[in-house]
Amino acid sequence: MAIATVNYHVKSNEVQAFHFDVNGVVGNLISPELISVKVPVTDIRKKNYSVNFNKDGITFINAPTKVHGFDESEAWTSDYESELTAILQQQIKAKEVIVFDHTVRIDDPNATRRPARNVHNDYSEAGVEKRLVDIVGAQRAHEFQQGHFGFVNVWRPVEYTIPSSPLGFICPRSMQEDDWMNIELEYPDRKGQILGVAENKTHEWFYQSDMTPEEAIIFNIYDNRGRPHLAHSALDMEGDTAVTKPRKSIETRTLVRY
């Protein structure tokens with residue numbers, strides 16, 4: 001079994017927060033207290049370790065895309081979002097898909113957005129409520145809340161096979177309720193709230209090695225009917241020190257109605 005280093009949050013009576021773009025400098029980040037821990041990680045490509053979206057809130061799929069640039073022009077967004085809508089309709093039976101964010105991450109010290117190396121989930125309960133209203137407005141948010149909806153992310157490599165820092169997940173069945181904690185997000189123009197995760201020796205970590213741009217991960221961030229949500233983080237794998245090019249990936253956030 002592989003070994004990786006992850007950064008867990010630390011429980012505290014004090015408010016914990018990430019501060020972004022500090023002093024007006026894009027990419028300047030101040031983090032809350034984190035603790036680095038070595039964890040065993042199962043490679044589901046090599047082991048008989050199956051997961052599915054309904055039971056575990058995550059699925060790994062083959063999903064070739066016609067989009068390869070993912071550049072700052074964003075001319076690719078319409079085509080890519082059409083692809084993602086079709087994928088989510090087929091894979092998780094979404095009846096409506098609203099794509100609201102794309103984040104390209106590059107594991108380079110000079111990159112604006114690097115892989116997230118804290119164990120987390122993208123939204124707390126309060127964060128979900130605020131984001132839902134931000135996206136669809138108060139009236140439609142009420143309509144969503146009367147039915148079955150969720151926030152779902154789609155992640156894939158960009159340009160080439162992932163050489164390092166793959167995206168890893170904790171099996172939801174191995175987590176305890178009090179592993180979670182609220183973490184504030186402080187931006188220059190807005191605020192948000194995510195869920196951080198504290199260390200627990202019972203956590204079962206997994207990932208898929210050598211992912212290519214023709215593959216993707218669909219994972220649940222929130223579901224109002226109780227489908228598990230996934231704690232996740234970039235993994236610093238033992239043996240990755242000889243990597244010569246940085247990991248590039250794109251993570252897309254969606255609001256779905258079932």
Side-chain angles (χ1 to χ4, degrees), residues 1-10 18 29 31-51 56-61 103-109 111 113-122 152-176 179-181 183 194-221 228-253:
M1 186 175 290
I3 301 296
T5 299
V6 298
N7 299 300
Y8 281 109
H9 288 270
V10 178
F18 284 98
L29 172 68
S31 301
E33 183 180 3
L34 298 167
I35 181 170
S36 295
V37 178
K38 291 184 182 297
V39 296
V41 188
T42 297
D43 180 358
I44 67 170
R45 197 186 292 280
K46 300 177 181 179
K47 299 288 186 179
N48 184 21
Y49 190 101
S50 62
V51 292
D56 305 299
I58 184 169
T59 184
F60 294 77
I61 63 171
T103 301
V104 175
R105 300 182 188 275
I106 304 175
D107 200 5
D108 183 285
R113 299 298 299 272
R114 299 183 65 191
R117 282 182 161 84
N118 62 305
V119 187
H120 71 287
N121 181 276
D122 290 11
V152 175
N153 287 8
V154 183
W155 185 96
R156 76 162 70 238
V158 170
E159 293 186 16
Y160 43 75
T161 299
I162 289 291
S164 63
S165 57
L167 187 59
F169 302 86
I170 301 175
C171 176
R173 297 187 301 275
S174 71
M175 293 196 64
Q176 305 296 319
D179 293 341
W180 299 101
M181 69 191 83
I183 304 294
I194 65 170
L195 291 172
V197 179
E199 179 187 7
N200 189 325
K201 298 299 185 184
T202 68
H203 290 166
E204 297 175 9
W205 282 89
F206 64 93
Y207 79 114
Q208 183 165 285
S209 62
D210 300 323
M211 287 190 65
T212 75
E214 305 303 297
E215 298 176 308
I217 312 171
I218 302 171
F219 59 102
N220 187 53
I221 297 298
H229 49 276
L230 276 293
H232 55 284
S233 171
L235 303 175
D236 287 315
M237 308 294 295
E238 288 193 349
D240 276 354
T241 54
V243 171
T244 59
K245 55 184 178 182
R247 182 253 257 191
K248 295 183 181 181
S249 60
I250 181 168
E251 185 172 19
T252 299
R253 295 180 174 89

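Keep in mind that what you see is a predicted model, and the values were worked out from it rather than measured. Side chains included, hydrogens not; waters and symmetry mates left out as well; all remaining heavy atoms used.
The minimum heavy-atom distance between F219 and I58, with the atom names listed, is CB-CG1, 3.9 Å. The two residues V158 and P213 come nearest to each other via the heavy atoms C-CG, 4.2 Å. The two residues M237 and P166 have their closest heavy-atom pair at CG-CD, 3.7 Å. Residues I194 and N118 approach most closely at CD1-ND2, 4.2 Å, considering heavy atoms. Across all their heavy atoms, H203 and S174 have their closest contact at CA-OG, 3.5 Å. Annotation for V10 and M181: closest pair O-SD, 3.8 Å, computed over non-hydrogen atoms.
R113 pairs by the salt bridge (charged side-chain N to carboxylate O under 4.0 Å, His left out) definition with nothing, not counting sequence neighbours. In this structure, Y160 has no ring pair (Phe, Tyr, Trp, His ring centres under 6.0 Å) partners at least two apart in sequence or on a different chain. For W180, the ring pair (Phe, Tyr, Trp, His ring centres under 6.0 Å) partners at least two apart in sequence or on another chain are H229. Taking N121 as the reference, nothing meets the side chain to side chain donor-acceptor pair (under 3.5 Å) condition, with sequence neighbours excluded. Among residues two or more places apart in sequence or in another chain, the side chain to side chain contact (heavy atoms under 4.5 Å, CB included) test is passed with P32 by H9, Q16, F18, I183. Under the salt bridge (charged side-chain N to carboxylate O under 4.0 Å, His left out) criterion, K201 pairs with E199, not counting sequence neighbours. Applying the salt bridge (charged side-chain N to carboxylate O under 4.0 Å, His left out) test to E159 and every residue at least two apart in sequence or in another chain returns K248. Partners of D107 under the salt bridge (charged side-chain N to carboxylate O under 4.0 Å, His left out) rule, at least two apart in sequence or in another chain, are R114, R117. For S50, the side chain to side chain donor-acceptor pair (under 3.5 Å) criterion is met by no residue, not counting sequence neighbours. Scanning for side chain to side chain donor-acceptor pair (under 3.5 Å) contacts around T59 gives an empty result, with sequence neighbours left out. Take Q208 and apply the side chain to side chain donor-acceptor pair (under 3.5 Å) test, not counting sequence neighbours, and it matches no residue. Applying the side chain to side chain contact (heavy atoms under 4.5 Å, CB included) rule to S209 yields the partners D43, R45, K46, Y207; only residues at least two apart in sequence or on another chain are considered.
Here the side chain of H232 pairs no donor or acceptor atom with the backbone of I170 at under 3.5 angstrom. Without hydrogens or angle criteria, N220 side chain to P228 main chain gives a donor-acceptor distance under 3.5 Å.
For the atom pair CD1 (I162) and CG (D210), the distance works out to 9.5 Å, reported to the nearest 0.5 Å. In this structure, OG1 on T161 lies 8.0 Å from CD on E215, to the nearest 0.5 angstrom. One distance of note links CD1 of I217 with CH2 of W155; it measures 5.0 Å at 0.5 Å rounding. Here R156 contributes atom CZ and I218 contributes atom CD1; the two are 9.5 Å apart, rounded to the nearest 0.5 Å. Going from atom OG1 of T202 over to atom CG of D179 covers 6.0 Å, rounded to the nearest 0.5 Å. Interatomic distance, CD1 of I106 versus CD1 of I250, reported as 11.0 Å (0.5 Å rounding).
Looking at S249 and R247, their side chains do bring a donor and an acceptor atom within 3.5 Å of each other.
Note on ring orientation: taking the six-membered ring where Trp is involved, the planes of F169 and F60 are perpendicular (angle over 60°, cut-offs 30° and 60°).
Ion pairing between a basic and an acidic side chain is recognised when a charged N comes within 4.0 Å of a carboxylate O; E238 and K38 show such pairing.
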Given the rule in the side chain to side chain contact (heavy atoms under 4.5 Å, CB included) test, do V39 and Y8 qualify, once you have shown the distances and angles that lead to the verdict?
CA-CA 11 Å; V39 296; Y8 281 109; 4.3 Å; yes
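Residues V119 and W205 meet the side-chain proximity criterion, which asks for heavy atoms closer than 4.5 Å.
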